[in-house]
Engineer: 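I'd like to ask you about the structure that follows.
Atoms within a ligand are numbered from 1 in the order they appear, just like the ligands themselves.
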Amino acid sequence: MLAVNPHADMREAVRGTFASLSFHSIDAAEFRDGELDSALGLLDADERQRAARLRPARHRARWVVAHAVQRLELASFLGRNPDAVRYERTPHGRPVLAAPAGGRQPVDFNISHSGDVLLLGITTGGRIGVDVEAWVSDDTADRSPLWETLSEREADWVAAHDDTYAAFVRLWTRKEAVVKALGTGLPDNLPALDVLMAEGSTESLLRAPDGASLKVVDLPSPPGYHAAVALTAPDVPVHVVANAPAASRFSLLP
Ligand SMILES: CC(C)(COP(=O)(O)OP(=O)(O)OC[C@H]1O[C@@H](n2cnc3c(N)ncnc32)[C@H](O)[C@@H]1OP(=O)(O)O)[C@@H](O)C(=O)NCCC(=O)NCCS
């Protein structure tokens with residue numbers, strides 16, 4: 001049924017605890033007749049209700065495809081049928097896999113979508129947060145409110161770049177990945193969440209405002225996008241599936 005099954009392949013290849021990341025195209029224009037209906041048919045009642053409220057149609061179609069891909073990937077990772085993948089929400093609204101009766105759910109996931117790209121992260125150790133953001137430089141836009149989310153040294157780092165917005169988005173994806181791994185929502189004091197890395201480095205360990213230790217990694221991303229992952233279990237190795245940085249294309253037809 002699946003044209004691409006990167007997380008399951010990864011699970012085969014890697015023993016032990018790991019985090020697997022994959023990019024997927026959710027450009028509804030690329031999908032053939034019947035695929036969108038098929039994707040909608042994969043969603044549960046709650047997801048269908050959410051989808052029905054989304055406008056415009058192009059945005060709704062992307063959301064439906066994103067959630068169908070999420071379900072298919074998690075199903076193959078867990079070795080279940082797609083309709084046996086069940087979600088819950090934490091008190092802060094973070095989606096998680098439902099725990100088995102009387103047990104603990106050892107697998108955590110997180111998604112992010114921006115433009116035509118979905119980033120899905122799955123881990124077998126701790127919690128995972130991901131963020132992907134499209135960035136388009138626009139000299140006429142007033143970006144000044146964004147700088148208020150940065151620490152002083154982050155703001156200096158951004159200001160040293162020719163394309164300050166692209167540099168900002170690089171930092172922003174890290175901050176949001178951390179926030180999503182912690183699952184507590186955006187904190188009031190974003191500048192206190194300093195995510196600057198040593199120059200030339202693509203990963204770092206950082207201490208969150210609540211004292212938790214996290215690993216943050218910049219991911220190779222499709223052109224025009226920046227992406228990052230944060231893991232609450234810093235020792236977990238990160239595997240970006242072979243199709244990155246291009247976004248893979250799922251077949252959604254049974
Ligand atoms: C979670 C949050 C950071 C998402 O940011 P975003 O850039 O808009 O969206 P992304 O594409 O990166 O991520 C969206 C996905 O994150 C996940 N998500 C939702 N709430 C989450 C949370 N509290 N923690 C982690 N992940 C969350 C969902 O899977 C969501 O996908 P969906 O909307 O398609 O179901 C942001 O909405 C947030 O802080 N929410 C917390 C609750 C909150 O403050 N709500 C006020 C909104 S007015």
Engineer: Scan the protein's non-hydrogen atoms and note whether one is under 4.0 Å from atom 22 (C) of ligand 1.
Structural biologist: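 Yes, because at least one protein heavy atom sits under 4.0 Å from atom 22 (C) of ligand 1.
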Engineer: Could you tell me whether the side chain of I128 reaches within less than 4.5 Å of the side chain of T232, counting heavy atoms only?
Structural biologist: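 Side-chain contact under 4.5 Å: no.
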Engineer: When you look at CG of N189, are more than 12 heavy atoms from neighbouring residues, nucleotides or ligands closer to it than 6.0 Å?
Structural biologist: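 Buried by this count: over 12 neighbours within 6.0 Å.
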Engineer: Quick one: does any side-chain atom of T123 pair with a main-chain N or O of R127 as donor and acceptor, under 3.5 Å?
Structural biologist: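 Judged by distance alone, no pair lies under 3.5 Å.
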Engineer: Looking at atom 1 (C) of ligand 1, what's its closest protein heavy atom, distance included?
Structural biologist: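 Going atom by atom, the protein heavy atom closest to atom 1 (C) of ligand 1 ends up being K180 CG, 4.2 Å.
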Engineer: Tell me the nearest of N110, D131, L119 to atom 26 (N) of ligand 1, using heavy-atom distances.
Structural biologist: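 When every heavy atom of N110, D131, L119 is considered, N110 comes closest to atom 26 (N) of ligand 1.
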Engineer: Which atom names give the shortest non-hydrogen contact between A233 and G125, and what distance separates them?
Structural biologist: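 Minimum heavy-atom separation between A233 and G125: CB-O, 3.8 Å.
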Engineer: Among all protein non-hydrogen atoms, which one is nearest to atom 30 (C) of ligand 1, and what is the separation to 0.1 Å?
Structural biologist: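 The answer is I111 CG1, 4.4 Å.
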Engineer: Do D142 and S144 have side-chain N/O donor and acceptor atoms under 3.5 Å apart?
Structural biologist: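 Present: a donor and an acceptor within the cut-off.
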Engineer: Between H113, R127, Q70, which one has a non-hydrogen atom sitting closest to atom 11 (O) of ligand 1?
Structural biologist: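 Minimum heavy-atom distance to atom 11 (O) of ligand 1 goes to H113.
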Engineer: Over 60° means perpendicular and under 30° means parallel, so tell me whether F18 and H239 are parallel, tilted or perpendicular.
Structural biologist: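 Because their plane-to-plane angle is over 60°, the rings of F18 and H239 count as perpendicular.
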Engineer: Looking only at protein heavy atoms, identify the closest one to atom 36 (C) of ligand 1 and say how far it is in Å.
Structural biologist: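 Among all protein heavy atoms, the one nearest atom 36 (C) of ligand 1 is L186 CG, 5.0 Å.
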Engineer: Is the distance from the ring center of F168 to that of W135 below 6.0 Å?
Structural biologist: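 Ring centroids of F168 and W135 are no less than 6.0 Å from each other.
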Engineer: Any protein heavy atom sitting closer than 4.0 Å to atom 45 (N) of ligand 1?
Structural biologist: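 Answer no: nothing from the protein, no heavy atom, is under 4.0 Å.
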Engineer: In terms of atom number and element, which parts of ligand 1 are under 4.0 angstrom from non-hydrogen atoms of H67?
Structural biologist: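 Counting atoms of ligand 1 from 1, those under 4.0 Å from H67 are 32 (P), 34 (O), 35 (O).
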Engineer: Quick check: does any side chain N or O of R55 sit under 3.5 Å from a backbone N or O of A52, one acting as donor and the other as acceptor?
Structural biologist: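 Yes; judged by distance alone, with no hydrogens or angles, the pair exists.
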Engineer: With the threshold set strictly below 4.0 angstrom, can you tell me whether any protein non-hydrogen atom sits that near atom 19 (C) of ligand 1?
Structural biologist: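 Yes, at least one protein heavy atom sits under 4.0 Å from atom 19 (C) of ligand 1.
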Engineer: With the side chain counted from C-beta on, respond yes when L118 and V69 share a heavy-atom pair under 4.5 Å apart, and no when they do not.
Structural biologist: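 When only atoms from C-beta onward are counted, V69 and L118 do touch, with a gap below 4.5 Å.
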Engineer: Under 4.0 Å from atom 38 (C) of ligand 1, is there at least one protein heavy atom?
Structural biologist: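 Given the 4.0 Å limit, the answer for atom 38 (C) of ligand 1 is no, no protein heavy atom qualifies.
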Engineer: Going by the atom numbers of ligand 1, which of them fall below 4.0 Å from some non-hydrogen atom of H92?
Structural biologist: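 Within the 4.0 Å cut-off of H92, ligand 1 contributes 23 (N).
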Engineer: Does the protein come close to atom 41 (C) of ligand 1 - that is, does one of its heavy atoms sit below 4.0 Å from that atom?
Structural biologist: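 Yes, there is one.
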Engineer: Considering non-hydrogen atoms of the protein only, which is the closest contact for atom 27 (C) of ligand 1, and what is the distance?
Structural biologist: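 So the nearest neighbour among protein heavy atoms is P95 CD, 3.6 Å.
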Engineer: Check the pair W157, E199 against side-chain hydrogen bond (donor to acceptor under 3.5 Å, both in side chains), reporting the backbone distance first and the verdict last.
Structural biologist: CA-CA 10 Å; W157 184 83; E199 211 50 55; 3.1 Å; yes
Engineer: In terms of residue, atom name and distance, what is the protein heavy atom nearest to atom 9 (O) of ligand 1?
Structural biologist: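 Ranked first by proximity to atom 9 (O) of ligand 1 is E176 OE2, 4.0 Å.
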Engineer: Going by the atom numbers of ligand 1, which of them fall below 4.0 Å from some non-hydrogen atom of G183?
Structural biologist: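 So the answer, numbered in order with elements, is 23 (N), 24 (N).
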Engineer: To check your reading of the model: name the closest protein heavy atom to atom 33 (O) of ligand 1, its residue, and the distance in Å.
Structural biologist: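 The closest one turns out to be R50 NH2, 3.2 Å.
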Engineer: Around atom 43 (C) of ligand 1, find the nearest protein heavy atom and jot down its residue, atom name and distance.
Structural biologist: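 The protein heavy atom lying closest is G185 CA, 5.0 Å.
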Engineer: Is the closest side-chain heavy-atom distance between R48 and L40 below 4.5 Å?
Structural biologist: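 Yes - at least one pair of side-chain heavy atoms lies under 4.5 Å apart.
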Engineer: Of all the atoms in ligand 1, which lie at a distance below 4.0 Å from a heavy atom belonging to W63?
Structural biologist: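 That gives atoms 32 (P), 34 (O) of ligand 1.
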Engineer: Using modelled atom types and a 3.5 Å cut-off, is there a donor and acceptor pairing between side-chain atoms of R71 and backbone atoms of P82?
Structural biologist: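 The answer is yes, because a donor-acceptor pair under 3.5 Å joins these two groups.
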Engineer: Could you identify the single nearest non-hydrogen protein atom to atom 12 (O) of ligand 1 and state the distance to 0.1 Å?
Structural biologist: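 Result: S112 OG, 2.8 Å.
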